[in-house]
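Okay, structure first, notes after.
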2 protein chains.
Amino acid sequence: MGRSGRVTLSDVAKASGVSRATVSFVLNDDPRQTISAATRERVLEAAQDLGYVPHGIARALREGSSRVVVLNVDWGMEGNFSRSYVRGLDEELAEHDHILLVRHGHANPEATQKVLDTIVPRAVLRLGEVYLRGEEPTDEDWERGFAANAALQIRHLAERGHTRIAMALPDHDFPLTGARLGFAQETARQLGIPPLERFVVPRPREAGAAAVEAFLAAHGDVTALAAFDDDIALRSITALRDLGRRVPDDVAVIGFDETEYGSLTTPALTTVHIDAEILGRIAARAVLGIDTEGLAPVPGRVVVRESV
Amino acid sequence: MGRSGRVTLSDVAKASGVSRATVSFVLNDDPRQTISAATRERVLEAAQDLGYVPHGIARALREGSSRVVVLNVDWGMEGNFSRSYVRGLDEELAEHDHILLVRHGHANPEATQKVLDTIVPRAVLRLGEVYLRGEEPTDEDWERGFAANAALQIRHLAERGHTRIAMALPDHDFPLTGARLGFAQETARQLGIPPLERFVVPRPREAGAAAVEAFLAAHGDVTALAAFDDDIALRSITALRDLGRRVPDDVAVIGFDETEYGSLTTPALTTVHIDAEILGRIAARAVLGIDTEGLAPVPGRVVVRESV
DNA sequence: GCGTCCTACTAGATCGATTAAGTACCCCAT
DNA sequence: ATGGGGTACTTAATCGATCTAGTAGGACGC
């Protein structure tokens with residue numbers, strides 16, 4: 001046992017009277033080796049007794065990468081989607097002997113490179129897109145699940161009789177922005193309603209109100225707002241109320257990616273709840289090269305409250 | 001250059017016509033070695049030309065730990081505090097050639113052990129406490145900054161004439177809960193106001209209202225609520241309004257750790273803004289064994305809006 | 001001319017695992 | 001009795017950097 005207090009392969013080898021190689025074969029169940037039952041038993045027992053745990057760094061050096069997956073999460077993407085996605089990713093990776101670590105902040109290439117150089121993870125993902133290493137995972141499923149959710153938001157408004165719908169957006173883009181907008185627009189087209197107008201709801205509160213006011217002045221026929229996320233939805237509701245517009249009677253508002261705060265406002269926010277756990281699991285498997293069959297994304301659902 | 005496409009020390013050594021050891025000495029500026037200016041120059045140039053970057057895993061194996069610090073963030077701790085803390089930690093670590101990676105979820109020992117075994121980070125911290133490895137950092141400063149913030153909340157209410165103050169808490173504890181409560185109580189004592197009562201504001205909305213109602217029925221003299229965080233504060237305000245109580249006239253509410261949502265409600269939430277960036281930097285230095293002089297925690301400030 | 005010291009390096013062990021290549025032994029067929 | 005083949009292992013190379021222990025060569029003193 002090294003002075004680091006760690007039990008190494010050599011310790012197990014010594015304790016069970018075989019070579020390091022044999023121990024490695026046994027512990028990794030190497031199918032190309034034939035190990036007698038007796039030896040296998042002795043090795044396993046010794047490993048158990050000594051409390052041997054493989055040294056991830058040594059293994060990573062040999063194998064070419066560590067059993068780590070890094071996920072980049074941009075600031076401002078904390079929501080139910082993000083949370084459930086992270087949970088699914090984390091759990092699925094754990095089930096395959098890997099760990100998930102998250103990097104927060106705007107994902108820039110140098111930072112990613114630094115991570116790559118420092119721990120050589122199996123993959124670096126970005127919330128909303130697959131980012132580096134490994135062959136491109138088939139994120140058709142991903143897109144499909146995601147597209148469905150985007151459609152849900154527009155569809156709900158249409159079902160409630162709204163035909164003039166605008167999208168309220170944050171003042172900077174997220175990885176998903178483009179796709180979201182595309183899917184929403186496509187949904188409008190399919191439903192036979194006019195193309196969705198777009199506008200940005202900035203902070204702080206006053207600026208938001210001004211933006212909403214300006215937008216409605218130019219587009220008086222709009223009766224419903226589909227917000228990029230609950231944050232924007234809440235800002236929109238506040239702006240509308242500050243402007244003396246009634247929600248949902250004058251203008252309806254629907255959020256996206258349920259936040260708890262949405263249930264606390266007056267009127268309470270109608271929004272889309274997304275459980276991305278399966279998406280996280282799918283991403284995990286894609287990264288590890290395991291097939292993803294049997295994992296169907298959970299469809300989103302509309303949480304009907306008062307704002308639509 | 002190995003087939004992995006990586007430029008290694010050996011490549012640099014070959015290119016500059018010296019041994020690997022010499023390259024290592026030059027690149028690490030080993031003070032125990034004497035290297036001629038000419039050689040140093042050649043090595044540096046070769047490293048530059050080839051784009052050599054040390055392999056973090058190999059280095060970690062040799063050095064005993066990787067240049068990574070892991071931070072555990074419990075679910076539900078996403079706020080301004082968390083964000084600024086993470087930013088400070090991340091930046092300070094980056095300045096000392098380390099990287100920060102975050103683990104989300106409830107911090108359990110097995111998960112931490114897994115991280116330790118997989119990448120052997122320099123340290124595993126937990127948002128709100130120092131967790132493992134290295135000598136215990138002097139978090140007196142930390143506590144001091146944190147204590148000051150807790151005090152600020154109570155003090156603000158007292159300054160507005162409130163003497164019967166209760167603390168509204170979430171339904172489960174965070175790493176900081178105990179300390180927070182202690183500091184708040186101590187502040188009340190110092191200000192000469194009665195001990196703070198405590199109660200939990202659960203979800204969903206109706207349960208929250210019921211809890212607030214029950215509490216006020218038992219403690220009719222309470223005129224102000226100091227919430228554990230903005231989330232609880234917002235739930236409290238909603239509960240109070242649902243019960244027909246006016247905020248702040250009947251009951252004042254102050255939040256903690258400013259959320260953006262607080263500015264969007266009616267009445268807008270008065271809260272405590274905490275910039276924990278310096279705390280993050282201090283934690284980083286403590287972990288790396290660098291002295292933390294010159295880093296003074298930024299005092300928190302009350303964001304006065306309408307709820308107090 | 002020999003020992004000593006200094007400069008400027010190099011050789012090789014080391015961290016802890018994985019794995020290709022090899023070896024010893026026994027069994028069985030020819 | 002000899003070769004082929006399977007079983008059950010071992011030896012040693014390898015991943016890439018760090019660092020101890022050594023060495024070659026020159027200067028200097030006496």
Side-chain angles (χ1 to χ4, degrees), chain A residues 1-43 46-47 50-67 97 116-120 122, chain B residues 1-44 46-47 50-67 97 116-120:
Chain A
M1 186 155 112
R3 92 217 48 175
S4 70
R6 251 193 172 281
V7 177
T8 71
L9 248 206
S10 296
D11 297 323
V12 178
K14 220 163 294 168
S16 47
V18 296
S19 68
R20 292 186 346 253
T22 303
V23 176
S24 179
F25 294 145
V26 169
L27 297 181
N28 293 311
D29 254 334
D30 191 323
R32 288 163 305 186
Q33 303 293 329
T34 51
I35 306 286
S36 71
T39 301
R40 171 181 305 273
E41 194 62 28
R42 280 213 321 288
V43 169
L50 297 175
Y52 169 74
V53 177
H55 191 284
I57 292 292
R59 173 180 270 174
L61 178 60
R62 184 63 230 244
E63 291 187 336
S65 74
S66 59
R67 299 196 177 178
D97 205 23
L116 247 20
D117 293 334
T118 308
I119 55 163
V120 197
R122 201 71 91 198
Chain B
M1 187 153 109
R3 89 215 51 170
S4 70
R6 248 190 176 285
V7 177
T8 71
L9 247 207
S10 297
D11 298 323
V12 178
K14 221 164 293 166
S16 46
V18 296
S19 68
R20 284 173 10 244
T22 302
V23 176
S24 179
F25 294 145
V26 169
L27 296 180
N28 294 311
D29 255 333
D30 191 324
R32 289 164 305 186
Q33 303 292 331
T34 51
I35 306 286
S36 71
T39 301
R40 171 180 304 273
E41 193 62 28
R42 281 213 320 288
V43 169
L44 253 18
L50 296 174
Y52 169 75
V53 178
H55 191 282
I57 292 292
R59 172 181 271 175
L61 179 58
R62 187 62 232 248
E63 291 188 337
S65 75
S66 59
R67 300 197 177 179
D97 205 22
L116 247 19
D117 293 334
T118 309
I119 54 163
V120 198

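A, B, ... follow the sequence lines: proteins, then strands. Residue 1 opens every chain.
- As judged by a 4.0 angstrom heavy-atom cut-off over every strand, B:R32 is placed among residues touching the sugar-phosphate backbone only.
- Here A:T22 reaches the OP1 or OP2 of D:dT10: one of its side-chain N or O atoms lies under 4.0 Å away.
- In the set C:dT19, C:dC15, D:dC9, C:dC15 carries the atom at the smallest distance from any side-chain atom of B:L61.
- Here the straight-line distance linking atom CG of B:L9 with atom CG of B:L50 works out to 11.5 Å at 0.5 Å rounding.
- Going from atom CG of A:L9 over to atom P of D:dT11 covers 15 Å, rounded to whole Å.
- One can find a donor-acceptor pair under 3.5 Å joining the base of D:dC9 and the side-chain atoms of A:Q33.
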Between B:D29 and B:R40, does the side chain to side chain contact (heavy atoms under 4.5 Å, CB included) criterion hold? Intermediate values first, please. CA-CA 10 Å; B:D29 255 333; B:R40 171 180 304 273; 3.2 Å; yes

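- Among the nucleotides C:dT10, D:dT18, C:dT18, the one closest to the side chain of A:R59 is C:dT18.
- Atom CD1 of B:I119 is separated from atom C1' of C:dG16 by 17 Å (rounded to the nearest Å).
- The heavy-atom pair separating A:R42 from A:S16 by the smallest distance is NH2-O, 3.0 Å.
- The distance between atom NE2 of B:H55 and atom P of D:dT18, rounded to the nearest whole Å, is 12 Å.
- Between A:D29 atom CG and C:dA17 atom P there is a gap of 17 Å when expressed in whole angstrom units.
- Side-chain contact between B:L44 and B:L27 is present, with at least one heavy-atom pair separated by less than 4.5 Å.
- With contacts defined as side-chain heavy-atom distances shorter than 4.5 Å, the pair A:K14/A:V23 does not qualify.
- OP1 or OP2 of D:dA17 has not a single side-chain nitrogen or oxygen of B:S24 nearer than 4.0 Å.
- A straight line from CG of A:L50 to C1' of C:dA17 spans 16 Å, rounded to a whole angstrom.
- Contact annotation: side chain of A:R20 to base of D:dT10, donor-acceptor pair absent below 3.5 Å.
- Phosphate proximity of C:dA17 to A:Y52: present, with a side-chain N or O under 4.0 Å from OP1 or OP2.
- Of the residues A:R6, A:H55, A:R67, the one that meets the side chain to side chain donor-acceptor pair (under 3.5 Å) test with B:D117 is A:R6.
- With rounding to whole Å, B:D97 atom CG is found 11 Å from D:dT18 atom P.
- A:L116 places its CG atom 15 Å from the P atom of D:dG16, with the value rounded to the nearest Å.
- B:V18 comes within 4.0 angstrom of sugar-phosphate atoms only, judged by non-hydrogen atoms across all strands, and of no base.
- Within 4.0 Å (heavy atoms only), B:D30 reaches no atom of the nucleic acid at all.
- For the OP1/OP2 pair of D:dT7 and a distance below 4.0 Å, the side-chain nitrogens and oxygens of A:T34 include no atom meeting the criterion.
- One atom, CD of A:E63, and another, C1' of D:dA13, lie 17 Å apart when rounded to the nearest Å.
- A sub-4.0 Å separation between OP1 or OP2 of D:dC19 and a side-chain N or O of B:R62 is absent.
- Side-chain atoms of B:T39 lie closest to C:dC9 of the nucleotides C:dC9, C:dA17, D:dC15.
- Residue B:S36 is classed as a sugar-phosphate contact, given heavy-atom separations below 4.0 Å to backbone atoms only.
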